[in-house]
There are 2 protein chains.
Amino acid sequence: MKYKIKSRIWIELDGREFLGEGKIRLLKAIDETGSLSKAARSLDISYKKAWNLIDAVNKTTPKPVTINSIGGKGGGGTELTAYGKSLVGVFDDMNRKCWNFLDIQLEKIKSL
Amino acid sequence: MKYKIKSRIWIELDGREFLGEGKIRLLKAIDETGSLSKAARSLDISYKKAWNLIDAVNKTTPKPVTINSIGGKGGGGTELTAYGKSLVGVFDDMNRKCWNFLDIQLEKIKSL
DNA sequence: TTCCGTTATGTCATAACAAACATAGCGAAA
DNA sequence: TTTCGCTATGTTTGTTATGACATAACGGAA
């Protein structure tokens, strides 16, 4: 029998969830592509959905996670703020540690 | 800023998720009440939903988590097998440890 | 001034999911 | 043999989440 314990983590601020795996993926894609629309395409989700996700984050956090510019060379773009990048870093770090921790704990269990 | 890291865990068997928080709650209620219908009522969900949840678990696990009897004194009932009880125990234990671990990890982070 | 790729939103159809309703069978006990 | 509370399902309805379209504005570059 191959049991496995899996987990999902998310970050809350004052009781309101605002960052989970999906949004982290999107933030990373923004960081890589330099624009929200390119990020959405790369993740195969609609621009509108991506925009809604980022909008929800920015409405909850005390500081914005992205800087958005409209028009101009290339039509504009979106990039992560230092705060946004640090959130991604913390999330990834915690996530990795959590998975690791659960794997180790599971091995200690003889029953099942 | 009061950031909090939250988590949900679940148990998979051969890649198929079969036990999460909701089902654990239901298994506990069955253990307390001795019947699926009473458990459903106590959790304020429909009997059908509860039945579907348990059915899904029993279809995935190698051994049944419940023993169901129809008719007779009291109309029948449902009780947990030893295997079912051990699953509940393992889940709760892992869950508590996971929450605790994340809390400790979060305190180590100075940024944010 | 025209064009292009963005950001920024609103609306509407649809699909996925959940809840409500309905019904049947079982077996002990009265 | 009737009643009762339970297990066991199917069907139908309603609600919510998702996706598809549609449109506007912006500003640099050609």
Side-chain angles (χ1 to χ4, degrees), chain A residues 8 10 16-61 63-81 83-85, chain B residues 8 10 16-61 63-81 83-85:
Chain A
R8 284 185 67 102
W10 64 91
R16 291 196 306 273
E17 168 179 357
F18 74 98
L19 245 194
E21 279 185 17
K23 284 164 181 166
I24 287 291
R25 253 199 309 275
L26 180 55
L27 288 178
K28 286 178 182 172
I30 289 171
D31 201 31
E32 287 163 8
T33 62
S35 97
L36 183 54
S37 64
K38 281 178 190 162
R41 280 197 292 275
S42 81
L43 296 179
D44 203 38
I45 61 176
S46 71
Y47 171 81
K48 186 178 172 63
K49 178 170 184 176
W51 185 87
N52 281 335
L53 289 172
I54 296 300
D55 186 53
V57 174
N58 281 326
K59 273 181 178 158
T60 303
T61 51
K63 298 179 281 184
V65 291
T66 60
I67 294 175
N68 320 309
S69 62
I70 307 177
K73 176 178 72 173
T78 299
E79 57 181 31
L80 297 195
T81 61
Y83 173 63
K85 287 180 185 176
Chain B
R8 283 184 67 103
W10 64 92
R16 291 195 305 275
E17 168 179 358
F18 74 97
L19 246 194
E21 279 184 18
K23 285 164 181 166
I24 288 291
R25 254 199 308 275
L26 180 55
L27 289 179
K28 285 178 181 171
I30 289 171
D31 201 32
E32 286 163 8
T33 62
S35 96
L36 183 54
S37 65
K38 281 178 191 161
R41 280 197 293 274
S42 80
L43 296 179
D44 204 37
I45 61 176
S46 71
Y47 171 81
K48 185 179 173 63
K49 179 171 183 176
W51 185 87
N52 282 334
L53 290 172
I54 296 299
D55 185 54
V57 175
N58 281 327
K59 273 181 178 157
T60 304
T61 50
K63 297 180 281 184
V65 290
T66 61
I67 294 174
N68 320 310
S69 63
I70 307 178
K73 177 180 71 176
T78 300
E79 56 181 32
L80 296 195
T81 60
Y83 173 63
K85 287 180 185 175

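Numbered from 1 within each chain, the chains take letters A, B, ... in sequence-line order. These numbers were taken from a predicted model, which means no experiment stands behind them.
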Rounded to the Å, how far apart are B:Ile30 CD1 and D:dA8 P?
11 Å

Rounded to the nearest Å, what distance is computed from the CH2 atom of residue B:Trp51 to the P atom of nucleotide D:dA8?
7 Å

To the nearest angstrom, the CD1-P distance between B:Ile67 and C:dC26 comes to 21 Å

Closest non-hydrogen contact found for B:Ala40 with B:Tyr47 is CB-CA, 3.9 Å

Taking atom C1' of C:dA8 as reference, at what distance in whole Å does atom CG of A:Asn52 sit?
10 Å

Can you say whether a donor on the side chain of A:Lys48 sits under 3.5 Å from an acceptor on the base of C:dG10, or the other way round?
yes

Calculate the interatomic distance between A:Arg41 atom CZ and C:dT6 atom P; express it in whole Å.
5 Å

Measure the spacing between CG of A:Leu80 and CG of A:Leu27 and express it to the nearest 0.5 Å.
5.5 Å

Round to the nearest Å and state the distance from B:Lys59 atom NZ to D:dA8 atom C1'.
11 Å

From the options D:dG19, D:dC6, C:dA8, select the nucleotide whose nearest atom is closest to the side chain of A:Tyr47.
C:dA8

Which part of the nucleic acid does B:Ser35 contact within heavy-atom distance under 4.0 Å: base, sugar-phosphate only, or nothing?
sugar-phosphate

Do you know which two heavy atoms are closest between B:Lys63 and B:Tyr83, and how far apart they sit?
O-CE2, 3.2 Å

Along DNA chain D (nearest heavy atom to each residue), the more 5'-positioned of A:Ser46 and A:Lys73:
A:Ser46

Out of D:dA25, C:dC26, D:dG19, whichever nucleotide has its closest atom nearest the side chain of A:Lys49:
D:dG19

Could you check how far CD1 of B:Ile54 sits from P of D:dT7, rounded to whole Å?
10 Å

Using only atom types and a distance under 3.5 Å, with no angle test, would you say the side chain of A:Ser69 pairs donor to acceptor with the backbone of A:Gly77?
yes

To the nearest angstrom, the CG-P distance between A:Leu26 and C:dT7 comes to 11 Å

Counting just side-chain N and O atoms, does A:Thr78 come under 4.0 Å of either OP1 or OP2 of C:dT6?
no

First of A:Gly72 and A:Asn68 reached from the 5' end of DNA chain C, by closest nucleotide
A:Gly72

Return no unless some side-chain N or O of A:Ser37 is found under 4.0 Å from OP1 or OP2 of C:dT6.
yes

Exam field: side chain A:Thr81 to backbone A:Pro64, donor-acceptor pair closer than 3.5 Å:
yes

